[in-house]
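Worksheet for the structure shown next.
To find a chain, count down the sequence lines: A is the first, B the second, and so on, and within it residues start at 1. Just so it is clear, the model here is predicted, and its values are computed rather than measured.
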Amino acid sequence: MANIDLLLQGADKVVPEEEFRARIAEGNPLRVKLGMDPTAPKVTLGWAVVLRKLRHFQEQGHKAVLIVGDFTAQVGDPSGLSETRKRLTEAEVRSYAANVLEGFKKVLIWDDDDLLEVRYNSEWLAKLDMGEVLALTSKMTLAQMLERDDFSKRHAANQPISMMEFMYPLLQGMDSVAVDADIELGGSDQLWNNLVGRELMGRYDKRPQMVMTVPLLVGTDGVQKMSQSLGNYIGVDDEPADMFGKVMSIPDEAMEQYFRLATGLAPDEVDSVVAGLADGSVHPGDTKRRLGREIVALYHDVDAAVDAEAAFDRVFREKDVPEEVDEFVLPDDDPVWLPGVLKDAALVKSSSEGKRLVAQGAVKINGEAVPGEELTRADLVGHVLQVGKRRFIRLVETA
RNA sequence: GGUGGGAUGCCCGAGCGGACAAAGGGAGCAGACUGUAAAUCUGCCGGCACAGCCUUCGGAGGUUCAAAUCCUCCUCCCACCA
């Protein structure tokens with residue numbers, strides 16, 4: 001089948017690739033596992049990379065098996081240095097899971113039971129008794145655990161590694177055992193974890209799963225991987241204007257990666273964009289705008305993309321006020337003390353910050369920097385109060 | 001079980017009796033500039049109607065005119081030895 005090329009397109013690693021080619025050539029539908037711990041409520045464009053890959057499999061008749069890690073999320077994965085992630089409550093996990101699945105719907109084929117199966121890992125993990133847990137731990141050795149790069153680095157650096165962190169890959173592997181995965185997808189940072197699943201399946205007398213990883217998308221800072229805890233993410237359910245703006249905020253150097261991983265453009269199209277940038281025949285600003293439109297169109301539609309770009313120009317190029325601005329009712333005072341208003345309107349965190357921003361000329365009424373902390377009501381009512389470039393509020397007399 | 005080291009602001013990390021709301025870096029925010037919410041440069045970066053006051057340096061007490069800094073106990077972490 002020629003479709004193998006599409007499945008492999010954009011993949012980082014496929015282990016083992018020969019087996020993969022053979023299994024696809026057989027033509028039987030595969031069970032394609034993707035695990036997700038609902039520890040945060042959003043689906044980011046980083047997630048979308050692997051989701052879009054999963055969709056490719058669906059489009060060729062393979063079944064997406066989504067594992068919602070409701071059990072593992074509640075235990076709380078402390079991986080990532082000293083961060084002792086707070087334990088999530090059952091209610092939080094459930095609500096995050098619902099949000100995340102909602103985001104998944106934007107990318108995956110959702111209404112066909114032959115192409116989608118959603119499972120919660122508490123179904124099997126919560127039932128394990130101590131004997132079974134011990135049996136599980138007997139299947140892996142410390143040396144195998146220390147093969148994982150971040151474990152060995154932390155161990156070498158005398159940084160703590162909790163026993164529970166060792167359990168995590170095992171539990172994820174049990175998911176594969178439980179659902180009889182043929183192949184597991186994940187970000188490239190999951191390669192080792194997913195290979196534990198392959199290893200474990202063999203030890204439980206199952207046909208070991210294959211593993212495919214996709215590259216990680218950098219966040220809007222252009223340096224670290226996109227993640228909600230770092231705040232450098234673009235969510236698939238972000239509003240069009242916000243989504244467009246966030247794309248415009250990525251460093252120029254990150255554009256190629258975004259074109260490749262976050263848009264639907266074919267690889268050769270991306271190549272020509274990249275070549276154009278390199279020889280100066282296309283403008284980087286225009287290119288980033290195109291990137292923004294492509295991404296907004298993917299998760300909203302083309303009209304929304306055009307509108308988002310127009311709104312961006314209005315605010316940032318023409319330094320005008322957006323068309324739609326929330327209203328805020330002024331307090332009764334006259335004159336009005338602006339730092340207090342800024343705080344009450346949640347444009348700033350504290351009145352101290354408000355004072356500083358006024359002093360820095362960052363607070364504007366109708367585009368004019370305010371001269372001091374106090375203004376008369378007459379100067380304010382009906383006007384737009386602005387902080388920085390992107391925080392606006394319209395002041396009104398009454399609600 | 002023993003010995004030694006450590007816990008500092010969103011994160012990393014200096015400080016080890018007064019000059020500490022606490023160096024430096026990162027993140028964040030703002031201003032200038034720009035094709036941009038890129039880059040770069042500059043400033044800000046605990047709170048309070050603020051030239052003053054209040055609350056912060058793991059927790060609780062104590063010494064002192066004065067404590068992030070010294071003492072006591074507690075909690076947690078790390079290393080080495082067993």
Side-chain angles (χ1 to χ4, degrees), chain A residues 78 80-86 154-165 218-234 238-259 276-277 280-293 295-296 308-320 322 331-344 346-364 367-370 372-375 385-392:
Chain A
L81 304 178
S82 60
E83 189 69 20
T84 316
R85 181 177 273 165
K86 78 171 196 261
R154 284 160 64 192
H155 187 243
N158 289 339
Q159 288 182 322
I161 303 171
S162 73
M163 296 304 289
M164 198 180 69
E165 288 180 78
V218 291
T220 51
D221 55 8
V223 179
Q224 294 184 276
K225 87 167 187 179
M226 183 175 285
S227 91
Q228 286 170 77
S229 52
L230 292 173
N232 62 356
Y233 71 95
I234 302 176
D238 280 351
E239 292 302 314
D242 204 28
M243 191 180 271
F244 188 87
K246 284 182 181 175
V247 172
M248 291 303 282
S249 82
I250 69 169
D252 289 357
E253 306 78 67
M255 280 198 282
E256 176 180 352
Q257 193 184 129
Y258 272 68
F259 268 112
L277 281 172
S281 62
V282 298
H283 195 284
D286 292 339
T287 305
K288 203 182 279 182
R289 284 162 177 279
R290 176 175 177 200
L291 178 64
R293 287 194 306 270
I295 290 174
V296 174
E309 183 176 19
F312 182 88
D313 283 344
R314 183 180 168 87
V315 173
F316 297 105
R317 183 180 272 181
E318 288 147 36
K319 307 216 187 295
D320 203 346
D332 293 332
D333 320 328
D334 194 3
V336 178
W337 187 59
L338 287 173
V341 171
L342 294 171
K343 183 187 172 192
D344 291 341
L347 294 178
V348 299
K349 287 198 297 288
S350 65
S351 59
S352 297
E353 186 183 348
K355 286 168 65 109
R356 283 182 226 121
L357 289 167
V358 169
Q360 290 182 64
V363 178
K364 297 172 192 147
E368 293 288 321
V370 299
E373 292 175 14
E374 293 192 324
L375 282 180
L385 179 63
Q386 174 181 0
V387 178
K389 294 184 182 112
R390 40 200 276 242
R391 283 171 275 176
F392 301 91

Pairwise [atom1] distance, [M] and [N] [rounded to whole Å]:
{"N": "B:rU34", "M": "B:rC41", "atom1": "C1'", "result": "13 Å"}
{"N": "B:rG9", "M": "B:rC44", "atom1": "C1'", "result": "16 Å"}
{"N": "B:rA82", "M": "B:rC10", "atom1": "P", "result": "42 Å"}
{"N": "B:rU36", "M": "B:rG25", "atom1": "P", "result": "29 Å"}
{"N": "B:rC70", "M": "B:rC65", "atom1": "C1'", "result": "16 Å"}
{"N": "B:rG61", "M": "B:rG17", "atom1": "P", "result": "24 Å"}
{"N": "B:rU72", "M": "B:rA21", "atom1": "C1'", "result": "28 Å"}
{"N": "B:rC50", "M": "B:rC11", "atom1": "C1'", "result": "28 Å"}

In this structure, how many angstroms lie between the [atom2] atom of [N] and the [atom1] atom of [X], rounded?
{"X": "A:Phe312", "N": "B:rU34", "atom1": "CZ", "atom2": "P", "answer": "15 Å"}
{"X": "A:Glu309", "N": "B:rA37", "atom1": "CD", "atom2": "C1'", "answer": "14 Å"}
{"X": "A:Lys246", "N": "B:rU36", "atom1": "NZ", "atom2": "P", "answer": "21 Å"}
{"X": "A:Arg289", "N": "B:rA37", "atom1": "CZ", "atom2": "P", "answer": "10 Å"}
{"X": "A:Gln386", "N": "B:rA37", "atom1": "CD", "atom2": "C1'", "answer": "13 Å"}
{"X": "A:Glu373", "N": "B:rA51", "atom1": "CD", "atom2": "P", "answer": "10 Å"}
{"X": "A:Asp344", "N": "B:rA49", "atom1": "CG", "atom2": "P", "answer": "10 Å"}
{"X": "A:Lys355", "N": "B:rC48", "atom1": "NZ", "atom2": "P", "answer": "10 Å"}

Check your understanding: Between A:Leu357 and A:Met255, which has a closest nucleotide on RNA chain B that is more 5'?
Key ->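 On the 5' side of the pair lies A:Leu357.
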Review point. RNA chain B: A:Gln360 or A:Trp337, which has the more 5' nearest nucleotide?
Key: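 Nearer the 5' end of the strand: A:Gln360.
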Considering only [options], which nucleotide approaches the side chain of [X] most closely?
{"X": "A:Ala362", "options": "B:rG31, B:rA38, B:rG47", "value": "B:rG31"}
{"X": "A:Arg391", "options": "B:rC45, B:rC33, B:rC29", "value": "B:rC29"}
{"X": "A:Ser352", "options": "B:rG35, B:rG31, B:rC50", "value": "B:rC50"}
{"X": "A:Asp252", "options": "B:rC45, B:rC48, B:rA38", "value": "B:rA38"}

So which nucleotide does [N] pair with, by the Watson-Crick or G-U wobble rule with both distances under 3.5 Å?
{"N": "B:rC29", "answer": "B:rG43"}
{"N": "B:rC48", "answer": "B:rG52"}
{"N": "B:rG4", "answer": "B:rC78"}
{"N": "B:rU34", "answer": "none"}
{"N": "B:rU72", "answer": "B:rA60"}
{"N": "B:rA14", "answer": "none"}

Base, sugar-phosphate or nothing for [X]? Non-hydrogen atoms, less than 4.0 Å.
{"X": "A:Thr287", "result": "nothing"}
{"X": "A:Pro251", "result": "sugar-phosphate"}
{"X": "A:Glu253", "result": "nothing"}
{"X": "A:Ser350", "result": "sugar-phosphate"}
{"X": "A:Leu230", "result": "nothing"}
{"X": "A:Gly388", "result": "sugar-phosphate"}
{"X": "A:Arg390", "result": "base"}
{"X": "A:Lys343", "result": "sugar-phosphate"}
{"X": "A:Asp313", "result": "nothing"}

Between [X] and [Y], is there a donor-acceptor pair closer than 3.5 Å when you use the side chain of the first and the backbone of the second?
{"X": "A:Ser351", "Y": "A:Gly354", "result": "no"}
{"X": "A:Arg391", "Y": "A:Leu347", "result": "yes"}
{"X": "A:Asp333", "Y": "A:Pro335", "result": "no"}
{"X": "A:Glu253", "Y": "A:Gly222", "result": "no"}

Practice item. Could you tell me whether A:Lys246 sits above the aromatic face of A:Tyr233, with NZ or CZ closer than 6.0 angstrom to the six-membered ring centre and within 45 degrees of the axis? Key: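 The answer is yes, since A:Lys246 meets both limits relative to A:Tyr233.
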Review point. Quick one: is B:rG35 close enough that its OP1 or OP2 comes under 4.0 Å of any side-chain N or O from A:Arg290?
Key: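 A:Arg290 to B:rG35 OP1/OP2: no side-chain N or O under 4.0 Å.
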Exercise for review: Side-chain contact test, heavy atoms from C-beta onward, threshold under 4.5 Å: evaluate it for A:Val358 versus A:Val370 and give yes or no.
Suggested key: yes
Practice item. Kindly indicate whether the side chain of A:Met255, heavy atoms from C-beta on, has any atom under 4.5 Å from the side chain of A:Ile250. Key: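 In short, these two side chains touch, coming nearer than 4.5 Å.
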Check your understanding: Under a 4.0 Å N-O cut-off, is there an ion pair linking A:Arg289 with A:Asp313?
Key ->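 Answer for the salt bridge query: yes.
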Review point. Looking at B:rG28, does its base get a donor-acceptor pair with the side chain of A:Asn232 below 3.5 Å?
Key: no
